[in-house]
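Data first, discussion second: the structure below is written as structure tokens.
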Amino acid sequence: MKNSFLENLNQGVLGLKPYEPGLPLEQTQKKLGLEKVIKLASNENPLGPSPKALDLLKGQLNSFSSDLNRYPDGNAYDLKEAISKKYSVDMNQITIGNGSNDLIEFVSRCFLGEGKKAIYSQHGFAIYPLAIKSTGAVPIKSKAKNWGHDLELMKDLVDDKTKLIFIASPNNPTGTAKTLQEIKDFLNNLPEDILVFLDQAYFEYIEGTEFDIPFSLIDDYPNLVISRSFSKAHGLAALRLGFCISNPELSNYLNRVRQPFNANSLALNLGKIALSDQEHIDKSVKINSSGMERVKMAFDSFNYSYIESWGNFISFDAKQDSDEAFQYFLKKGVILRSLKVYEMPQHLRVSIGTEEEMDFFLKVLEEYEKDLSKK
Ligand SMILES: *Cc1c(COP(=O)(O)O)cnc(C)c1O
């Protein structure tokens with residue numbers, strides 16, 4: 001039997017390959033029959049969410065439960081107010097996403113379609129080409145420079161069909177970041193009618209003011225959108241929450257393609273608390289820096305080359321095929337990420353975990369190195 005309706009698939013959808021998430025912890029553990037498995041594969045906050053957010057959850061479990069029949073606040077008023085206060089932006093500049101991935105979809109749907117193009121970088125976040133293709137537009141992959149976005153080249157690739165450019169700073173999976181000056185230079189040289197989506201999912205981990213891109217930049221460049229996520233430093237990946245700040249006129253349109261209740265009540269409530277718990281954010285950033293230092297020292301001592309990272313993960317050259325290296329670590333109970341699909345055939349990405357998780361990873365790395373040198 002032939003499913004003839006499939007011939008009517010949108011052209012853009014035909015070319016899509018589904019996003020491959022990191023292996024889930026429990027199923028993997030069961031499958032491998034190992035006592036201990038750690039997941040350092042999805043750049044999650046190893047400390048979990050803000051304890052204050054968890055306290056709220058526990059304290060209000062009854063009222064949350066009794067409200068499960070109610071739709072969430074479609075305007076996300078309280079969360080928007082908290083974002084507006086914290087970052088000194090107007091509430092009408094804010095668009096809430098079901099994860100920041102949602103926002104990538106919104107800009108794509110608003111600006112792309114058949115006959116249009118959008119630019120993203122080689123070794124860039126995998127969701128960009130997915131979102132671009134699903135609209136029927138053509139994704140233009142700009143060759144990376146020193147593993148990072150080559151902004152000069154990205155600008156040169158612009159033609160009259162180009163409507164949108166994706167930039168991630170820090171970028172996943174390479175961890176590379178752009179300075180405020182680099183972003184300004186890029187925007188100054190770009191035609192004003194092209195929208196730039198600056199993805200700052202790892203913003204909180206940036207330690208170094210020259211990489212801090214303030215939302216106020218949008219006042220000078222109305223064609224700039226900046227997104228943030230609750231999935232990384234805020235430790236709320238499961239609840240799916242993100243937001244972006246843009247020119248109010250643009251957020252008006254982004255909100256038109258947004259599903260009316262795209263962010264759930266729990267996410268809205270806990271996200272608001274997470275945003276205000278600076279103590280937890282600071283602690284998360286601190287654990288990340290010390291874990292990062294340890295991993296880099298180990299890489300140096302075993303002579304693994306790595307890409308300097310501004311996020312909560314680091315990618316290194318495993319000295320052999322990524323997928324084989326990935327399997328080695330997996331069998332020893334460490335779930336990493338193979339970067340083969342990112343055109344990095346020998347690289348693995350490791351998320352920075354707790355001190356104990358890093359002990360385990362470093363022990364396995366040492367064994368890996370020993371076994372590799374026997375080959
Ligand atoms: C993890 C990540 C996101 C976050 O996605 P959410 O939908 O907010 O979970 C966005 N951009 C990049 C580059 C990421 O690595």
Side-chain angles (χ1 to χ4, degrees), residues 18-22 24 39-46 48-49 76 79 83 94-108 118-132 134 139 141 144 147-149 164-178 183 196-206 211 213 225-245 254 258-259 262-264 266-268 270-271 274-275 284 288 307 309-315 336-337 339 341-342 344 347 349-352:
Y19 177 80
E20 282 182 41
K39 184 186 177 200
L40 300 172
S42 301
N43 306 341
E44 295 140 338
N45 185 338
L79 178 64
I83 293 170
I94 305 169
T95 306
I96 303 292
N98 183 280
S100 54
N101 276 289
D102 214 14
L103 307 161
I104 295 170
E105 298 271 338
F106 297 168
V107 289
S108 301
I119 300 172
Y120 70 103
S121 177
Q122 181 191 21
H123 317 310
F125 190 40
I127 299 295
Y128 308 144
L130 274 182
I132 299 166
S134 67
K141 182 166 59 191
W147 302 107
H149 294 37
L164 180 59
I165 299 179
F166 287 105
I167 295 174
S169 182
N171 178 51
N172 171 19
T174 58
T176 51
K178 295 293 167 199
I183 296 291
V196 175
F197 186 95
L198 181 65
D199 181 337
Q200 289 209 303
Y202 301 95
F203 168 79
E204 291 81 2
Y205 292 108
I206 297 176
F211 294 94
I213 317 288
V225 187
I226 300 178
S227 73
R228 299 273 175 86
S229 174
F230 284 87
S231 304
K232 306 292 156 62
H234 290 304
L236 290 173
L239 291 185
R240 315 302 304 127
L241 188 67
F243 68 94
C244 70
I245 305 298
L254 295 178
R258 183 179 67 81
Q259 279 183 41
N262 64 329
N264 69 70
L266 214 51
L268 293 175
L270 301 198
L275 204 61
S284 307
N288 186 59
I307 307 168
S309 169
W310 301 97
N312 64 344
F313 57 89
I314 186 164
S315 296
L336 299 178
R337 199 57 167 255
L339 298 184
V341 290
Y342 283 93
M344 300 165 75
H347 275 81
R349 188 190 70 196
V350 55
S351 307
I352 306 299

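Both counts, for ligands and for their atoms, begin at 1 and track the order of listing. Predicted model, so just to flag it, every value in this text is computed and none were measured.
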**Exercise: identify the closest heavy-atom pair between A41 and R349** = O-NH2, 2.5 Å
**side-chain contact (heavy atoms from CB on, under 4.5 Å) evaluation trace for N101 with F125** = CA-CA 10 Å; N101 276 289; F125 190 40; 3.8 Å; yes
**Message:** A side-chain contact here means heavy atoms from C-beta on lying under 4.5 Å apart; do P49 and L270 qualify?
**Reply:** no
**Prompt:** Is the distance between the ring centroids of Y120 and Y128 less than 6.0 Å?
**Reply:** no
**Item:** Which residues share a side-chain contact (heavy atoms from CB on, under 4.5 Å) with W310, sequence neighbours left out
**Value:** P170, A177, F211
**Asked** Quick check: does any side chain N or O of N312 sit under 3.5 Å from a backbone N or O of N43, one acting as donor and the other as acceptor?
**Response** yes
**Set of residues that line ligand 1, where lining means a heavy atom lies under 4.0 Å from it** = G99, S100, N101, F125, N172, D199, A201, Y202, S229, S231, K232, R240
